[in-house]
Amino acid sequence: MFPATTANYYRVWTDVNLPRYFLNSIFVAACVVLIQLVTSSLAAYPLSKMQFKGRDTIFYLILSTLIFPEQLTLIPLYIMAVNYLGFAETLHGLIIPFGANAFGIFLLRQTYQSIPNELIEAARIDGASEFGIWWRILLPLIRPGLATLAIFSFVGSWNSFLWPLLMLQGNEPLFTLPVGLAFLEGAFVGNLRTVAAGIMVATVPIIIVFLIFQRQFIAGLSGAVKG
């Protein structure tokens, strides 16, 4: 048997630019989570609690985008991001295209529906604006749904590989952790223990995020199913 050692973790942290990849992934994932929480909660509010013509049609059109696999949209999204927005080889290109999420809108719409309409009507009678209702009343009540969406968004952004690989185009200082781990596998050919150490490092933030939000995560899923 081999003796227990932390040498492989030390090698993977020092022999390649893993701290930089780690920070890049943290920054991208945190920005994606924050933007998705804001856009999804804002979009889901009128689709759940306001009455206007075409509301359900708009919602089902948004929901229908979930049937398309991510790979199908990569080419048009890449052309738009590179040719029209100039996001090539920037971290912005990994954040802004994913600032809105159809699943997040669906999840928070279901969460909003568990909130009594009488509460919103009372706030309107008291003179609260729609933005004030959303900010002061609804957001505190949908924290479990927000925590659930935050976990899904963080894991999706953290594990994303193909899109960062396309956008960064070999710009090594901007590599996120999944792209950096692919580079790590080439740098340590034949040393699977070092590669495994790098993979273990990559799973730690996901575990931490889930442990922080696990109670809200379970409550958020329960509220979405009931809604």
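Position 1 is the first residue of the sequence; numbering continues from there.
The aromatic rings of Y21 and F175 sit tilted, their planes meeting at an angle between 30° and 60°. Between W134 and F131, the ring-plane angle classifies as tilted under the 30° and 60° cut-offs. Using a 30° and 60° split on the angle between ring planes, F106 and F103 fall in the tilted class, from 30° to 60°.
Under the 3.5 Å distance criterion, the side-chain polar atoms of K49 are matched with a main-chain donor or acceptor of I115. Although no hydrogens or angles enter the test, the distance criterion places a donor-acceptor pair under 3.5 Å between the side chain of T73 and the main chain of E70. For T176 (side chain) and N24 (main-chain N/O), no donor-acceptor pair under 3.5 Å exists by modelled atom type. Using modelled atom types, no side-chain atom of S157 and backbone atom of S153 make a donor-acceptor pair closer than 3.5 Å. In this structure, the side chain of S64 engages the main chain of L61 through a donor-acceptor pair within 3.5 Å. The backbone N or O of P140 lies less than 3.5 Å from a partner atom in the side chain of R143, making a donor-acceptor pair. For the pair T203 (side chain) and M200 (backbone), a donor-acceptor distance under 3.5 Å is present. In this structure a side-chain-to-backbone donor-acceptor pair under 3.5 Å is missing from Q36 to G104. Formation of a donor-acceptor pair under 3.5 Å by the T65 side chain with backbone atoms of I62 is found in this model. R55 places no side-chain N or O within donor-acceptor distance of the main-chain N or O of P46, the cut-off being under 3.5 Å.
Note on E172 versus R20: no salt bridge recorded, every NZ/NE/NH1/NH2 to OD/OE distance being 4.0 Å or above.
Transitive grouping of hydrophobic side chains (ILVMFWY, heavy atoms separated by less than 4.5 Å) brings I105 and Y60 into a common cluster. Both F22 and I208 are assigned to one and the same hydrophobic cluster, defined by single-linkage of ILVMFWY side chains at heavy-atom distances under 4.5 Å. At a threshold of 4.5 Å between side-chain heavy atoms, the hydrophobic network of Ile, Leu, Val, Met, Phe, Trp and Tyr places L162 and L72 in two separate groups. L66 and I58 fall within a single hydrophobic cluster, where Ile, Leu, Val, Met, Phe, Trp and Tyr side chains are chained together by heavy-atom contacts under 4.5 Å.
L77 has its side chain within reach of W163: a pair of non-hydrogen atoms, C-beta onward, lies under 4.5 Å apart. Counting heavy atoms from C-beta on, the side chains of L139 and L146 come closer than 4.5 Å. At least one side-chain heavy atom of S41 sits under 4.5 Å from a side-chain heavy atom of Y112. Using a 4.5 Å heavy-atom cutoff, the side chains of I120 and L138 are in contact. Under the 4.5 Å side-chain criterion, counting only non-hydrogen atoms from C-beta, N159 is not in contact with P178.
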Is there a ring pair (Phe, Tyr, Trp, His ring centres under 6.0 Å) between W135 and Y45? Walk through the geometry before answering. CA-CA 11 Å; W135 177 255; Y45 172 41; over 10 Å; no
Take I95 and H92, measure what side-chain contact (heavy atoms from CB on, under 4.5 Å) needs, and give me the verdict at the end. CA-CA 5 Å; I95 299 171; H92 299 85; 5.8 Å; no
Go through N171 and L174 one step at a time and tell me if the side-chain contact (heavy atoms from CB on, under 4.5 Å) criterion holds. CA-CA 6 Å; N171 191 345; L174 296 181; 3.4 Å; yes
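Under a cutoff of 6.0 Å and an axis angle of 45°, R109 and F59 form a cation-pi pair.
The number of heavy-atom neighbours closer than 6.0 Å to CG of L211, taken from other residues, nucleotides and ligands shown, is above 12.
Atoms CG and CZ, from L91 and F27 in turn, are 6.5 Å apart once rounded to the nearest 0.5 Å.
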